[in-house]
Protein chains: 2
Amino acid sequence: MTEEQRARRRDSAATREALLDAATTMFADRGFDRTTVRDIAKEAGVNQALLFRYFGSKESLFEEAIARGGHEQIATTKPEVLLETVLRNLLTSETGGERNHTLRVFLRSTGSNEAGSATRQRLGEEYTRALASLTGAEDADLRADLVLAWLVGISFLRDITEKDPLAGAEADRIVKLVLDASRTLLERIDET
Amino acid sequence: MTEEQRARRRDSAATREALLDAATTMFADRGFDRTTVRDIAKEAGVNQALLFRYFGSKESLFEEAIARGGHEQIATTKPEVLLETVLRNLLTSETGGERNHTLRVFLRSTGSNEAGSATRQRLGEEYTRALASLTGAEDADLRADLVLAWLVGISFLRDITEKDPLAGAEADRIVKLVLDASRTLLERIDET
DNA sequence: CAACGATGTAAGCAGCTGCTTACAACCGTA
DNA sequence: TACGGTTGTAAGCAGCTGCTTACATCGTTG
């Protein structure tokens, strides 16, 4: 930590990224309202005034945090396995590793109506489009939204309300049940 | 409004209920953190100090708001039609009428980790038990949780992020799709 | 009618929030 | 070495938050 701070001295790019990293995990854990700019700065080991120098406002930082990470997953994952990939990602509780916090940040931002709504909307559209490509139904987008809603709900019950037995269930078991039922809505999903 | 205030003077029960009503709708609309005690008191047409006299704290008021409304729906609705009933309730956007805000309050309380967590947990268990009675599978509770998660997710995308096409879709269409897919998880659901 | 508890009100307090400002330390350049 | 922009820091401001306190008013009961 101290070394990092030493190494980071006089390095604006690293400082910016440290703030963005800290913000992403804290927003995912506590949500927008409950995360203070002082918390973020402290976690990043950075003076909080710099947060405003580099991002302008707490909301702008939030938008950037939401945007980062969501896009590349969609871009780099084939639609056929997107559902399972996202599902497994949000079911995996290992804090280490490169877990994707996007969905949790998404969820935790409930209270804040304005904050990042444009970014959130765009991100949602990308997921819908990807999932909609899996069905030939005329209401493909609606069906895709329903699947997306399911992911959101599962993440909510598991991560936020920590509801058992869902919170404690094995990932494989949940994946199987969800994928089976999703085939009623979407056709082209890879068999596990 | 003025008449109500006049009529309510020196009536502690009515004052309490006015606060509870205002709190329920405001928590549902803005969430716990974004709703201030001054807002609630103003909406109820009541001095804010009374809020603390009757409920002790903002959190206690929140818990009571969550608890009220959820129980009777479960108690008065047959499990076979519970899913459709809850679904139609949260899909109906008519603000007038006796809409049940429970699920939305549930959702909007994301940021607040402690607030009402015990109450929320108990309420969730009741829903799970009711839904689990619809299947003979050995992992009935898990399957029920997944259905509950779906409801939560749909409510989230529709009410909070207002995601289209889900937000704009007809209730009947959604009900049909969800019920059909849910039959993969649960057996005994009334045909529409 | 006097007294007393129940109900309502106005004002304020201490703490926290996002954000700003004024300034110090640093570092490449001339 | 002197300068000037970049990066980092400390302090503070104005506004809002949940909550409390001291007091006024009502309505019932003896």
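Each chain gets a letter, A, B and so on, in the order the sequences are listed, and its residues count up from 1.
Side-chain contact check for A:Glu59 versus A:Phe32: some heavy-atom pair is nearer than 4.5 Å.
Nucleic acid contact for B:Tyr54: sugar-phosphate only, since backbone atoms but no base atoms lie under 4.0 Å from a heavy atom of the residue.
Under the rule for a salt bridge (Lys or Arg N to Asp or Glu O under 4.0 Å), the partners of B:Arg173 that lie at least two apart in sequence or sit in another chain are A:Asp139. Residues that satisfy the salt bridge (Lys or Arg N to Asp or Glu O under 4.0 Å) test with B:Lys163, not counting sequence neighbours, are A:Asp145. B:Glu17 meets the side chain to side chain contact (heavy atoms under 4.5 Å, CB included) test with B:Asp21, B:Arg68; sequence neighbours excluded. Applying the side chain to side chain contact (heavy atoms under 4.5 Å, CB included) test to A:Glu64 and every residue at least two apart in sequence or in another chain returns A:Arg16, A:Leu20, A:Phe55. Checked against side-chain hydrogen bond (donor to acceptor under 3.5 Å, both in side chains), B:Thr85 has no partners two or more places apart in sequence or in another chain.
Contact check, A:Ser12 against D:dT7: a side-chain N or O comes under 4.0 Å of OP1 or OP2.
In this structure, A:Leu50 places its CG atom 13 Å from C1' of C:dA24, rounding to the nearest Å. Separating the CZ atom of B:Arg53 from the P atom of D:dC23 is a distance of 15 Å, rounded to the nearest angstrom.
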Mind listing the N/O atom pairs, protein and nucleotides 17-21 of chain D, below 3.5 Å?
residue, atom, partner, partner atom, Å
D:dG18, OP1, B:Thr35, O, 3.4
D:dG18, OP1, B:Lys58, NZ, 2.7
D:dG18, OP2, B:Val37, N, 3.0
D:dG18, N7, B:Arg38, NH1, 3.0
D:dG18, O6, B:Arg38, NH2, 2.9
D:dC19, OP2, B:Lys58, N, 2.8
D:dC19, N4, B:Gln48, OE1, 3.3
D:dC19, N4, B:Gln48, NE2, 2.5

